[in-house]
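Notes follow the structure.
Below, chain A is the first sequence line, B the second, and so on; all start at residue 1. Hydrogens, waters and symmetry mates are skipped; everything else that's a heavy atom, side chains included, is used.
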2 protein chains.
Amino acid sequence: MTDASGAVTEALPEAGSKRRQIRPKAERRQQLIDATIRCIAQHGLSAVTMQMVTREAGLSVGIANLHFKSKDNLLKETLRFVAEEYHGGQIEIMEGGDILDLGERLDALLDFQLGRGVTQRQKMSVWFAYYGEAGARPVYQKIVSTVDRLAAQKLEALFIQIIREGNYRGVDARELATGYSALIDGLHLGLLVTPRELSKRRARAVARDFLRRAFPQHIR
Amino acid sequence: MTDASGAVTEALPEAGSKRRQIRPKAERRQQLIDATIRCIAQHGLSAVTMQMVTREAGLSVGIANLHFKSKDNLLKETLRFVAEEYHGGQIEIMEGGDILDLGERLDALLDFQLGRGVTQRQKMSVWFAYYGEAGARPVYQKIVSTVDRLAAQKLEALFIQIIREGNYRGVDARELATGYSALIDGLHLGLLVTPRELSKRRARAVARDFLRRAFPQHIR
DNA sequence: ATCAAGAATGAATATTCATTCATTCTGGGT
DNA sequence: ACCCAGAATGAATGAATATTCATTCTTGAT
C-alpha cells in the first residue's frame, strides 16, 4: 500500500502496529502471564498453546521461551501469580490495621472473596483449571499449599479474636476456619459451573448466613 | 515360537495374553471409561492421550474410536458416568425408603459424600479435572448442571422435612442446602489439593458441625 | 465344516504443537 | 553518527497425537 507521496506505509495502523518494541524483562513476563490467564479462562487449560498465548499478548512465539524457559514453567508461574494475588488480598484484609472492628473486618473479607474482583469468570476458571491438575501434579499442590497455609493461619487467628471478644461457647476456631474456607471454595465452584443455579447475590447470602450462625453478635 | 509338537504357541502367557477377545459393546465402553478415569487421576486431564487410555484398558488404539466416535466424546461420556454415579448415590440415599429416621438419613448422606467410595483421590481428581474445564466448555457445564439440579432439589426436600419435624425457626431450607452442597464440594477440594492440611476425619467433623449447628436436635 | 457379521487390530497419515536459533531490530551509551 | 548488547522475531524442526481403514480374527449360526 502506498500513500499520495508514494512512500510505503505501515499496513494496518489500528490493528496493532508491527513496530518491534523493546521492554524490560519484568514487564514482558507480566504481559505473558496476563495473556495466559485470559487464554485459560477462554479455552481451558488443556487447550492452551504457546501460539495462542503469544498471539493474545501481541508478541511472537519465540519470546515465551526467552522469558520463561518452557511452557511448563509459564504455566507454573501463572499459577503462582494467581494464587499470590488471591491469598495476598485476603491476608491484607485479615491483618487489616485499617479496620479495627472485627465484624467489619469479617465483612470486608467476605466482600473480597465473593466480590467483583475475585469472582470474575476469568479468575475462577484459572483456580479450578489448576486444581483439576493438582491431583496429578505435585508442583501445583505445593504452590497452592504454601500460600494457602498462611491464609488459613490468619483466618484462624481472626476467628480466635472474634470468639474471645464475643465470648462464644463451644466453638472451635480451627474447625470453623476450615469450614468457612471450604464453603467459599465451594461457592466459587458453584458460580463457575452452575451460574444459572447460583447467583453472586445468593452466594454472598449463604456465606453470610454461615458466619451469622457462628458469630451472631458480630454479623448483622 | 514353536513347542515340541511344532504347533505355534502363544507368546507370553503371564504378561497379558495377546488373545483377541470379542466382547459386547457395552462392556468395552465401560472398560474404556474406567481406564479413562484412572488415566485422568494419574496423569491429569490435559495429559491424557488415546494411546494411554487404550493401553491402560489393555486394548488397541483403534477400538476407542470404534465405540466412542472421538476422544472428545470419550471424555464427555466419562464425565457423564462419573457425575451420574455420584449424584445417583446421593439421590438414592435422600429418597431413602430404607432409612426412616431423618437424622440417620442425613448421617448416611454425609457418610456417602465423605466416605471411602467418593473421596478416593481417583474420583476426586476426575471431578475437579472437569470442573476446571467447565468454564471453557459449555458441554461439561450442561452435563453437571443437569444431574446437579436434581440432587439439589432432593436435598432441599430433605431439609424441609427436617425443619418441619424439628420445628426449627429462622432457617431457610434452600439457602442451607446450597451452603451444605458448597461446603462438601470445598471439602473435597481440600482433600484433593491440600491433603496434608485436611484429613478425612477432620473434613467429616467440619461437615457434621455445619449440620449440627443447623439441626441440633437431629445431629448428635 | 463352513461362513458371514462385525469386533478388534495397529501401521500409516495428517495435523498440531513446543522448542530452537539464525537473523533482525532497538535504543542507550560514546 | 556509530556501535553493540541483548531484546524480539518467526521459519524450520522434530516429536507427539488423533484418527483412519485395510486387514485379521472370533464367534455363533447353519
Which whole-number value in Å describes the distance from [X] [atom1] to [N] [atom2]?
{"X": "A/Leu75", "N": "C/dA18", "atom1": "CG", "atom2": "P", "result": "9 Å"}
{"X": "B/Asn65", "N": "C/dA11", "atom1": "CG", "atom2": "P", "result": "16 Å"}
{"X": "A/Met50", "N": "D/dG10", "atom1": "CE", "atom2": "C1'", "result": "14 Å"}
{"X": "A/Ile63", "N": "C/dT24", "atom1": "CD1", "atom2": "P", "result": "18 Å"}
{"X": "A/Arg28", "N": "C/dT26", "atom1": "CZ", "atom2": "P", "result": "12 Å"}
{"X": "B/Arg29", "N": "C/dA8", "atom1": "CZ", "atom2": "C1'", "result": "17 Å"}
{"X": "A/Lys71", "N": "D/dA15", "atom1": "NZ", "atom2": "C1'", "result": "14 Å"}
{"X": "B/Arg20", "N": "D/dT24", "atom1": "CZ", "atom2": "C1'", "result": "5 Å"}

Do [X] and [Y] meet the criterion of a side-chain donor-acceptor pair at a distance under 3.5 Å?
{"X": "A/Glu133", "Y": "B/Ser46", "answer": "yes"}
{"X": "B/Gln113", "Y": "B/Tyr180", "answer": "yes"}
{"X": "B/Arg196", "Y": "A/Ser145", "answer": "no"}

NA contact type, B/Val53, heavy-atom cut-off 4.0 Å: base, sugar-phosphate, or nothing?
nothing
Taking only side-chain N and O atoms of B/His67, does any of them lie within less than 4.0 angstrom of OP1 or OP2 on C/dA7?
no
Nearest to the side chain of [X], which nucleotide is it out of [options]?
{"X": "B/Val61", "options": "C/dA8, C/dT26, C/dG10", "result": "C/dG10"}
{"X": "A/Ser70", "options": "D/dT17, C/dT19, D/dT26", "result": "C/dT19"}
{"X": "A/Leu59", "options": "D/dT9, D/dT27, C/dG10", "result": "D/dT9"}

Residues, nucleotides or ligands: over 12 heavy atoms within 6.0 Å of B/Glu92 CD
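Not buried by this count: 12 neighbours or fewer within 6.0 Å.
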Would you call A/Glu197-A/Arg202 a salt bridge at under 4.0 Å N-O?
no
Can you work out whether A/Gly58 or A/Gln51 has the more 5'-proximal nearest nucleotide on DNA chain D?
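Comparing both residues, the 5'-ward one is A/Gly58.
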